[in-house]
Amino acid sequence: MGVPVQVTSRYRFAAAHRLDTPALSPEANRKLYGKCNNPFGHGHDYILDVTVDGPVDGDGLVVNRAAFDAVVRSAVIDKLDHKNLNVDVAEFTGVVATTENLAMLVRDYLTAAWTLPAKLVRVRISETQRNTFVWEAQ
Ligand code: NI
C-alpha cells in the first residue's frame with residue numbers, strides 16, 4: 001500500500017435558511033438567533049470542502065476525481081443547491097437549519113452514498129468568510 005495522502009475537493013452551492021426553533025418563543029428565537037431569525041430567511045453562498053484519505057495508487061492517485069465529484073454532486077449538491085433548507089430539505093423538518101446541522105447532514109448524505117475506496121474524513125462548510133463548520137472522522 002502507498003503512503004496515505006489527504007485530498008480535498010471544493011464545491012459551491014447557494015441556499016436559503018432561517019434559524020428558528022419551535023422550542024422557544026418568538027422573542028427568545030430573535031434573541032438567540034438575531035437577524036438569522038428574520039421571518040422570510042436569507043441566503044448564503046456556501047463553500048463545501050470534502051476531504052478523503054487513502055493510499056496513493058500506482059497511477060499516483062488517492063481517488064478517481066470524476067467519481068469523487070459525481071458522488072458529491074449527486075449526494076449533496078443536487079439536493080441543496082438553490083433550495084430553501086427549511087422548506088425543501090426534509091431532514092430539516094423539526095431541525096434548526098444551522099450550519100452545524102448542515103455539516104452533519106452533508107456527512108450523512110455522503111456516508112449513505114459512499115462507494116469510493118478512499119475514506120471520507122472531513123466535511124468543511126464555510127457559510128460566510130467568517131464562519132466555518134467542520135465535521136471530522138474520529
Ligand atoms: Ni444564515
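Just follow the structure's listing: the first ligand is 1, and inside any ligand the first atom is 1. Here the structure is a predicted model, which is why all the values come from computation and not from measurement.
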Worksheet entry | Trace of the side chain to side chain donor-acceptor pair (under 3.5 Å) decision for Glu127 with Thr99 | CA-CA 7 Å; Glu127 181 185 56; Thr99 307; 2.7 Å; yes
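- Restricting His42 to its N/O/S atoms, the shortest distance to the Ni ion (ligand 1) is reached by NE2.
- If you put the vertex on the Ni ion (ligand 1), NE2 of His44 and NE2 of His17 sit 100° apart, to the nearest 10°.
- A salt bridge links Asp49 to Arg124: at least one charged side-chain nitrogen sits closer than 4.0 Å to a carboxylate oxygen.
- For residue Cys36, no N/O/S atom approaches the Ni ion (ligand 1) to within less than 2.8 Å.
- With Trp135 as the fixed residue, the side-chain contact (heavy atoms from CB on, under 4.5 Å) test singles out one of Leu120, Val106, Asp108: Leu120.
- Classified by interplanar angle (parallel below 30°, tilted 30° to 60°, perpendicular above 60°), the ring pair Phe68/Tyr11 is perpendicular.
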